[in-house]
Asker: 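Have a look at this one.
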There are 2 protein chains.
Amino acid sequence: MNSFISREQDYALRITARLAELRKGEQMSIKELSNDMFISKIFAARIVHKLKLAGVLGTNQGRTGGMFLASDPKKLSAYQVLNIIGFKVKYNNCLADDFNCELIGKCRFHGFFHKQEIIMIEQFKKMKISDFLFNKTKQNNGGH
Amino acid sequence: MNSFISREQDYALRITARLAELRKGEQMSIKELSNDMFISKIFAARIVHKLKLAGVLGTNQGRTGGMFLASDPKKLSAYQVLNIIGFKVKYNNCLADDFNCELIGKCRFHGFFHKQEIIMIEQFKKMKISDFLFNKTKQNNGGH
DNA sequence: TTTAAACATTACCTGACAAGTAATATATAA
DNA sequence: TTATATATTACTTGTCAGGTAATGTTTAAA
């Protein structure tokens, strides 16, 4: 393991990027989405629910239900999506809030890891969901 | 949780950095080392053994035994030490060799994660153990 | 020769958690 | 009423980091 990004977080990114390709007013069912993105339907539903609670996407229940992106994909960062699914990753445990390091003030690794972590997070904040569309020709945001 | 660096890897870095402070010919016991670096003695022994097998440090058994750094700390990178302890971290599982992604060629997340991972690894390669000495002013730790 | 103190090595335990499954509830349009 | 959506909770399972325990081997000093 030891992956920064969990499967669930990865799926959340895929899902938002896929929904960002829909036209205005268009929606998509979990079934279709999970087929497209190769995620089990039930797992996808759970993720979709979290994203909905966070306001990133909207859902309609019922027979003609489905879901759609409720945020501007050009403003929605990868970092935001990851955080909704619980992105609490650290370069090293010693950077965690509740970590009590006996070597604090003496250990130079701490500062190095801290700096690297900040650099990484900046990258995740910089990248927006619109940068990750699967098929750019289908995209429908301004300038078409 | 989900830390890039495991405790064991972190300890390996501490150990090599601490040993780098010894004078030429000087050695240190696991007992003293584990006290200094706040690592359980038995866990430290396991890590030391791995580092010895990799040639990073040398050990002497027996009553007056101990260990010493066998590499030049100015050439030994943090990356090398991490690798000895099994640094197989990925930004995302999809970067693993045995990962079979159904979205390959279509998914833009892959390329992004790959790029970020390379940048990170470069940093770990650039930093040498000599950059992390605990006490730069007293490198030879006189009155011990 | 005996013993103390060092490193060497293997085996095992345990709690956390990622990942996925199962089951059931609720909502809505035809 | 029914088919088909999403909503929600609970459970299962496998993995593994982190640590503990136990025992072996080596060496120098008593």
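Naming: A, B, ... by sequence-line order, numbering from 1 per chain.
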Asker: May I have the distance from A/Asp10 (atom CG) to C/dA18 (atom C1'), rounded to whole angstrom?
Answerer: 13 Å

Asker: Would you please confirm or rule out a distance under 4.0 Å between OP1 or OP2 of C/dT21 and any side-chain N or O of A/Ser40?
Answerer: yes

Asker: Looking across every strand, which nucleic acid part, if any, lies under 4.0 Å from A/Ile42 by heavy atom: base, sugar-phosphate, or nothing?
Answerer: base

Asker: Between C1' on D/dA17 and CZ on B/Phe4, what's the gap in Å once rounded to a whole number?
Answerer: 17 Å

Asker: For A/Arg7 and C/dC17, what is the distance between atoms CZ and C1' respectively, to the nearest whole Å?
Answerer: 16 Å

Asker: Using atom CD of B/Glu32 as one end and atom C1' of C/dA6 as the other, report the distance to the nearest whole Å.
Answerer: 13 Å

Asker: Does the side chain of A/Asn83 come within less than 4.5 Å of A/Gln9's, by heavy atoms?
Answerer: no

Asker: C/dG20, D/dA28, D/dG18: which one has an atom nearest the side-chain heavy atoms of A/Tyr11?
Answerer: C/dG20

Asker: What parts of residues 53-62 of chain A reach DNA chain D, counting only heavy atoms under 4.0 Å away?
Answerer: A/Thr59, A/Asn60, A/Gln61, A/Gly62

Asker: So do the side chains of A/Val56 and A/Gln80 get within less than 4.5 Å of each other, counting heavy atoms only?
Answerer: no

Asker: Would you tell me if any nitrogen or oxygen in the side chain of B/Lys52 comes within less than 4.0 Å of OP1 or OP2 on C/dC7?
Answerer: no

Asker: Will you find, in the side chains of B/Asn135 and B/Arg18, an N or O donor that is under 3.5 Å from an N or O acceptor?
Answerer: no

Asker: Evaluate the side-chain proximity of B/Leu22 to B/Leu69: yes if any heavy-atom separation is below 4.5 Å, no if none is.
Answerer: no

Asker: Throw together a table of side-chain donor-acceptor distances under 3.5 angstrom for residues 115-128 of chain B, partners on residues two or more places apart or in other chains.
Answerer:
from, atom 1, to, atom 2, distance (Å)
B/Glu117, OE1, B/Tyr91, N, 3.0
B/Lys128, NZ, B/Lys125, O, 3.0

Asker: Tell me: NZ of B/Lys88 to C1' of D/dA17, nearest whole Å?
Answerer: 10 Å

Asker: Can you check whether B/Ile129 reaches B/Leu13 side chain to side chain, under 4.5 Å on heavy atoms?
Answerer: yes

Asker: Output the rounded distance in Å from NZ (B/Lys41) to P (C/dA6).
Answerer: 7 Å

Asker: Could you say whether B/Arg46 or B/Lys31 is positioned toward the 5' end of DNA chain C, judged by the nucleotide with the nearest heavy atom to each?
Answerer: B/Lys31

Asker: Any side-chain heavy atom of A/Arg108 sitting closer than 4.5 Å to one from B/Asp131?
Answerer: no

Asker: Of the candidate nucleotides C/dA19, D/dT6, C/dA6, which contains the atom at the shortest distance from the side chain of B/Ser29?
Answerer: C/dA6

Asker: Can you measure A/Ile47 atom CD1 to C/dT21 atom C1' for me and round it to whole angstrom units?
Answerer: 14 Å

Asker: The side chain of B/Arg63 lies closest to which of these nucleotides: D/dG18, D/dT6, C/dA4?
Answerer: C/dA4

Asker: Rounding to a whole Å, what distance do you find between B/Asn35:CG and C/dA5:C1'?
Answerer: 15 Å

